[in-house]
Amino acid sequence: MAQQRTSVPITRVERYVYEIPAHGEMRVPARIYADEELIEELTAPAAQEWSALQQLVNVASLPGIQKAALAMADVHPGYGFPIGGVGAFDPKEGVISVAGVGFDINCGVRLLATELTRADLEGKEDRVADALFHGVPAGLGSTGELKLTEKEIDRVLREGAHYAVNLGYGTPADLTYVEEQGRMSGADPDAVSRTAKQRQLRQVGTLGSGNHYVEVQVVDEIYDEEAARAFGLAVGQVTIMLHTGSRALGHQIGTDYLPFLERAARKYNIPIRDRELVCAPVESPEGRQYYAAVMAGANTAFANRQVLTHLIREALNKALGVAPESIRTVYEIAHNTVKFEEHEVNGRRKRLLVHRKGATRAFGPGRPEIPERYRSVGQPVLVGGTMGTASYVLRGTEKGMRDTFGSALHGAGRAKSRTKAKKEYPADRVIRQLKERGITVRAHGRSSISEEAPGAYKDVEQVVDIMAGAGVIAKVARLRPVVTIKG
DNA sequence: ATGTGC
């Protein structure tokens with residue numbers, strides 16, 4: 001829980017940017033991307049969301065934080081650090097924290113493009129839904145076709161998606177279009193507990209539950225012709241979006257390292273404003289060990305999405321006869337990460353450790369990290385909507401590089417707690433309402449339908465327009481759901 | 001998010 005609940009001044013510094021000036025223990029200001037309506041919701045005394053801004057103030061108070069603690073427009077309270085939050089740290093004076101990454105390490109979204117159009121799916125929605133439902137292992141505690149030994153899981157932790165490709169899941173061409181090419185360096189399997197590895201032996205290639213999904217979509221609007229052409233997207237085209245992460249292993253790493261970093265925070269005299277936001281100096285042995293574990297967790301998520309890409313191709317081949325190789329990876333971007341990147345701070349290039357929790361990397365044109373084919377227009381940013389609403393493809397901008405360390409929003413952002421949503425949205429009603437709007441849903445658990453009901457989220461169009469209005473990203477394409485498979 | 005938490 002966030003500790004203090006003091007009322008603080010919030011001023012508007014740009015059309016869609018609000019600022020809490022540095023005061024008290026804050027080392028930098030907190031900046032929030034919002035419009036008038038959203039900032040009112042975020043600061044309403046009764047609003048539960050107020051804790052998201054308090055969490056942001058706590059982040060702004062951490063040692064070594066640079067420029068500002070940032071909240072994207074989809075911000076909502078998370079464990080110790082807001083979801084939709086970004087914090088960049090000086091490696092020498094700064095810290096690394098479990099809460100700043102999130103428990104689902106390297107959770108992310110992959111977008112696949114098919115050569116199909118909406119007409120090719122007409123009347124075949126149920127067949128596609130069934131094929132994906134049965135072809136993609138999902139649900140809490142589900143196990144996949146891959147059964148790894150302890151030696152093999154260590155290779156997953158080191159090699160990420162490359163391990164999956166070497167086993168025949170997908171192709172090297174996929175990796176070109178995955179953030180970091182599907183593999184983080186610096187991963188150390190020895191930094192990951194035996195428990196974490198054991199839990200993952202049969203979970204590589206599984207979707208999971210909660211807000212994880214596979215969704216068949218159709219491109220219904222293009223906002224930026226040049227970028228859409230570069231990304232290979234056109235109106236009427238069928239796409240598939242995959243949202244999942246590092247499953248049990250990532251979660252276990254978070255569980256294991258929370259008490260470890262709490263001890264480190266005491267050892268290095270880092271003030272603890274919130275016990276959920278414990279951290280260690282980046283360059284301490286404890287900080288380095290957690291980083292090595294997170295990189296291993298990140299690689300597990302990369303491998304997971306790579307295996308699932310293969311299973312999705314197989315399922316669509318079975319349902320519609322499409323050639324697996326005709327389904328192309330457009331891009332994959334994660335939204336629970338921590339990584340070293342170069343950014344400009346006070347006119348000087350500097351290596352920083354950037355935490356993005358429920359926030360994506362969104363690099364502007366020209367950055368070498370962007371695949372060559374996309375480099376001139378900027379990095380693709382994938383924003384997953386809800387079951388009933390659109391998802392977006394965006395691109396990073398120069399202004400984003402200056403203002404948000406090249407970061408953007410990751411989704412619509414939860415507006416109602418899971419508990420509240422469960423009470424308010426009975427699963428049957430949600431399924432019926434989606435059906436009426438032409439969206440076919442299959443779910444492995446009934447509660448996830450209620451918890452993930454569109455009404456439990458903010459308006460995705462609104463939060464995307466805030467970020468676009470601020471110039472941090474630019475809109476490229478909108479995707480409408482046709483078939484959704486929920487964990 | 002997660003072999004759902006004290």
Side-chain angles (χ1 to χ4, degrees), chain A residues 1 52 55 74-85 97-110 137-144 147-148 153 192-214 242-259 275-277 293-294 296-298 300-302 304-305 308 334-338 355-360 384 386-387 410-423 427 443-453 456-457 485-487:
Chain A
M1 292 295 288
Q55 288 178 334
D74 56 338
V75 70
H76 57 108
Y79 184 91
F81 190 117
I83 295 162
S97 102
V98 170
V101 180
F103 278 70
D104 190 359
I105 297 164
N106 206 29
C107 183
V109 170
R110 183 182 294 208
L140 200 60
S142 56
T143 55
K147 294 167 190 69
L148 302 173
I153 200 78
V192 178
S193 70
R194 183 116 195 269
T195 315
K197 293 178 195 177
Q198 289 285 342
R199 287 181 66 180
Q200 194 64 25
L201 294 179
R202 295 186 64 178
Q203 293 207 338
V204 177
T206 64
L207 189 65
S209 64
N211 63 1
H212 291 165
Y213 60 82
V214 178
L242 163 66
H243 176 209
T244 186
S246 51
R247 306 287 285 108
L249 183 135
H251 191 267
Q252 188 64 46
I253 290 173
T255 306
D256 291 339
Y257 275 90
L258 207 66
R275 277 193 63 180
E276 295 182 353
L277 190 60
V294 171
T300 306
F302 282 137
N304 194 28
R305 287 189 289 266
L308 287 168
H335 48 239
N336 273 359
T337 61
V338 65
H355 295 70
R356 294 190 181 92
K357 197 232 197 130
T360 71
T386 71
M387 292 183 280
H410 84 305
R414 184 169 283 283
K416 286 174 186 164
S417 71
R418 289 175 196 274
T419 330
K420 205 171 168 191
K422 218 181 283 192
K423 281 185 199 141
H444 291 262
R446 288 175 60 79
S447 61
S448 76
I449 292 278
S450 302
E451 288 172 11
E452 302 302 321
Y457 283 84
I485 310 301
K486 299 287 302 170

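Letters go in sequence order (proteins before strands), and every chain restarts at 1. The structure presented is a predicted model; accordingly, all values stated were derived computationally and were not measured.
We find that CG of A:D104 is positioned 15 Å from P of B:dT4, with the value rounded to whole Å. In this structure, A:E452 atom CD and B:dT2 atom C1' are separated by 14 Å, rounded to whole Å. Here the C1' atom of nucleotide B:dT4 and the OH atom of A:Y79 are 15 Å apart, to the nearest Å. When rounded to the nearest whole Å, the span between CZ of A:F103 and P of B:dT4 equals 15 Å. If you take NE2 of A:H251 and P of B:dT4, they are 10 Å apart, rounded to a whole angstrom. The distance between atom CZ of A:R446 and atom P of B:dT4, rounded to the nearest whole Å, is 19 Å. As rounded to whole Å, 17 Å separates atom C1' of B:dT2 from atom NE2 of A:H444. Look at OH on A:Y257: it is 19 Å from C1' on B:dT2, rounded to the nearest Å.
Summary of the strand contacts: A:H243 and A:S447 both lie near DNA chain B, and taking for each the nucleotide with the nearest heavy atom, the more 5' one is attributed to A:H243.
For the pair A:S209 and B:dT2, the criterion of a side-chain N or O lying under 4.0 Å from OP1 or OP2 is met.
Salt bridge absent: A:K416 and A:E451 never bring a charged side-chain N and a carboxylate O closer than 4.0 Å.
Every residue two or more places apart in sequence or in another chain that forms a side-chain contact (heavy atoms from CB on, under 4.5 Å) with A:A99 is listed here: A:Y79, A:F81, A:S97, A:L277. With sequence neighbours excluded, the residues forming a side-chain contact (heavy atoms from CB on, under 4.5 Å) with A:N336 are A:D104, A:C107, A:K357, listed by chain and number.
Aromatic pair A:H243/A:H335: centroids less than 6.0 angstrom apart.
At the heavy-atom level, A:G210 lies under 4.0 Å from the strands shown only through sugar-phosphate atoms. As judged by a 4.0 angstrom heavy-atom cut-off over every strand, A:E451 is placed among residues making no nucleic acid contact.
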